[in-house]
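All of these numbers come straight from a predicted model, not from anything done at the bench.
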Amino acid sequence: MVDFPTRSDSLGTKNTLDLLLTTRPALVSSIKPLAGISDHDIVHAKIATKTKPNRKPPRKITLWKKADPEKLKLSAAQLTVDYFERTPASNTVDNNWTWFSDNLCKIVAEVVPQKMVMGKNRPPWFTQSLKRLCSKKEKSYIRAKQSNRIEDWEHYCKIRKDTDKRIRDSHRKYVNNIMESENPKSFWRYIRSRRKDKTSIQPLKANGKLLTDDQDKARTLSDQFESIFTKEDLNRETNPHISGETYPEMPPITIGIEGVRKLLQNINVSEAIGPDEIPNQMLKIAANELAPVLQQLFQQSIDSSDLPLD
């Protein structure tokens, strides 16, 4: 991480003779040279010695297996009735969509059971059996330390050796399965488990320098994104006139309720929900009841050339 010379001679030759190696560059807040008593400078670095574990925050999950589908359908049918009683044609697309999405999410929160779960912080290859074995090793150590008998220490050493071996074997097996699997999610899950820093964006290297500050990383990424876009000439005519055969205009697009219902019934519930936070399970369960509402929303959006703000 030392990117400046630390020694210079009388001829003006500068060299970097000192290094700072770390596996957690985000903990290094600053690094700079200080004048020494000779031609050799001192490397001064500020390093945070207390680190916070990368713990996953608790999250709320929906228990769809315990949900009542009939109650969801009845609530969705009443939602459809209330929606059309509002005369949605007199409202904007954004107002209609906001009312629909908020009330639908409210139905899910009231009807479907939910619970808070804590994220697992142990490595993915560290199974429940290994956790029990580590607990057994810890109890054996406490017993041997209290009694200080040779038999207890030998028993502890045996359990520790077996535990270390099984952890290594489990890790090797997990890595081998990742290499043979075609699912990229398993690979990136393993990479995240081996990450040392809590920050999501690792240190970036730009112009030969390693950037650890958040502002420097944001500025570097912004410059990179800006450089890949084509700069258009604003003085040039954007839509030149092309002479030749003219084509008939496309007829108005009409969306049917049956088409919307078919799409809702074929939703893949295993995929992640969108930014509207409407669960896929709710759309699929109440496809018949919600199809008229979504058909009106889609048709109004196309006719008015307008989209919801979210």
Side-chain angles (χ1 to χ4, degrees), residues 55-120 124 181-189 191-192 200 250-310:
R55 298 186 181 276
K56 297 181 180 179
R59 58 189 179 94
K60 183 183 295 184
I61 63 172
T62 308
L63 306 176
W64 287 100
K65 292 184 179 180
K66 297 183 179 180
D68 186 356
E70 296 302 324
K71 192 173 182 180
L72 288 173
K73 292 179 181 180
L74 290 176
S75 301
Q78 184 60 42
L79 175 67
T80 301
V81 173
D82 296 341
Y83 176 83
F84 285 103
E85 287 181 352
R86 296 173 57 255
T87 59
S90 61
N91 299 319
T92 63
V93 176
D94 184 65
N95 289 338
N96 290 334
W97 171 254
T98 302
W99 186 94
F100 170 73
S101 59
D102 291 346
N103 284 275
L104 190 61
C105 291
K106 190 180 299 183
I107 291 175
V108 173
E110 294 175 354
V111 178
V112 185
Q114 298 176 343
K115 73 173 184 178
M116 299 295 295
V117 295
M118 299 295 294
K120 296 180 180 180
S181 175
E182 297 180 357
N183 185 10
K185 291 184 179 180
S186 300
F187 172 77
W188 291 113
R189 185 186 177 202
I191 295 299
R192 287 194 299 269
S200 58
M250 187 177 69
I253 300 176
T254 303
I255 298 178
I257 296 179
E258 289 300 326
V260 176
R261 181 183 293 112
K262 184 177 180 180
L263 291 175
L264 293 177
Q265 292 173 346
N266 293 330
I267 287 180
N268 186 359
V269 296
S270 62
E271 293 183 355
I273 61 176
D276 52 23
E277 297 184 355
I278 297 179
N280 297 334
Q281 292 89 339
M282 181 64 194
L283 296 175
K284 189 169 185 176
I285 292 173
N288 295 328
E289 291 76 13
L290 298 178
V293 177
L294 293 175
Q295 183 273 337
Q296 191 278 334
L297 278 169
F298 296 154
Q299 190 67 56
Q300 184 185 19
S301 178
I302 291 177
D303 295 341
S304 62
S305 302
D306 192 14
L307 290 173
L309 295 179
D310 60 352

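Between Ser304 and Val93, some side-chain heavy-atom pair lies under the 4.5 Å cut-off. No side-chain heavy atom of Val269 sits under 4.5 Å from any side-chain heavy atom of Trp64. Between Leu309 and Trp97, the closest side-chain pair of non-hydrogen atoms is not below 4.5 Å.
Between the CG atom in Leu79 and the NZ atom in Lys106 there is a gap of 10.5 Å [rounded to 0.5 Å]. Between the CD atom of Gln114 and the CG atom of Leu63 there is a distance of 8.0 Å, given to the nearest 0.5 Å. Annotation: the span from Arg261 atom CZ to Gln265 atom CD amounts to 7.0 Å, rounded to 0.5 Å. Here OG of Ser75 is found 7.0 Å from CE of Met282. Values are rounded to the nearest 0.5 Å. Atom CG in Leu104 sits 9.0 Å away from atom CG in Asp276 (nearest 0.5 Å). Interatomic distance, CD of Gln299 versus CD1 of Ile253, reported as 8.5 Å (0.5 Å rounding).
In this structure a side-chain-to-backbone donor-acceptor pair under 3.5 Å is missing from Glu271 to Asn280. Remark: the backbone N or O of Ile255 is paired with a side-chain donor or acceptor of Gln295 at under 3.5 angstrom. In this structure a side-chain-to-backbone donor-acceptor pair under 3.5 Å is present from Ser181 to Asn183. Remark: the backbone N or O of Leu297 is not paired with any side-chain donor or acceptor of Asn96 at under 3.5 angstrom.
Taking each heavy atom of Leu72 and Ala67 in turn, the nearest pair found is CD1-CB, 4.3 Å. Heavy-atom minimum distance, Lys115 versus Val117: CE-CG1, 3.7 Å. Minimum interatomic distance between Cys105 and Ile278 (heavy atoms only, all atoms of both residues): SG-CG1, 4.1 Å. Here the closest heavy-atom approach between residue Thr92 and residue Gln300 is recorded as C-NE2, 4.0 Å. The two residues Asn91 and Asn95 come nearest to each other via the heavy atoms CB-CB, 4.3 Å. Residues Pro279 and Val108 come closest through the heavy atom pair CG-CG1, 4.0 Å.
Other residues, nucleotides and ligands place no more than 12 heavy atoms under 6.0 Å from the CD atom of Glu277.
The aromatic rings of Trp99 and Tyr83 sit tilted, their planes meeting at an angle between 30° and 60°.
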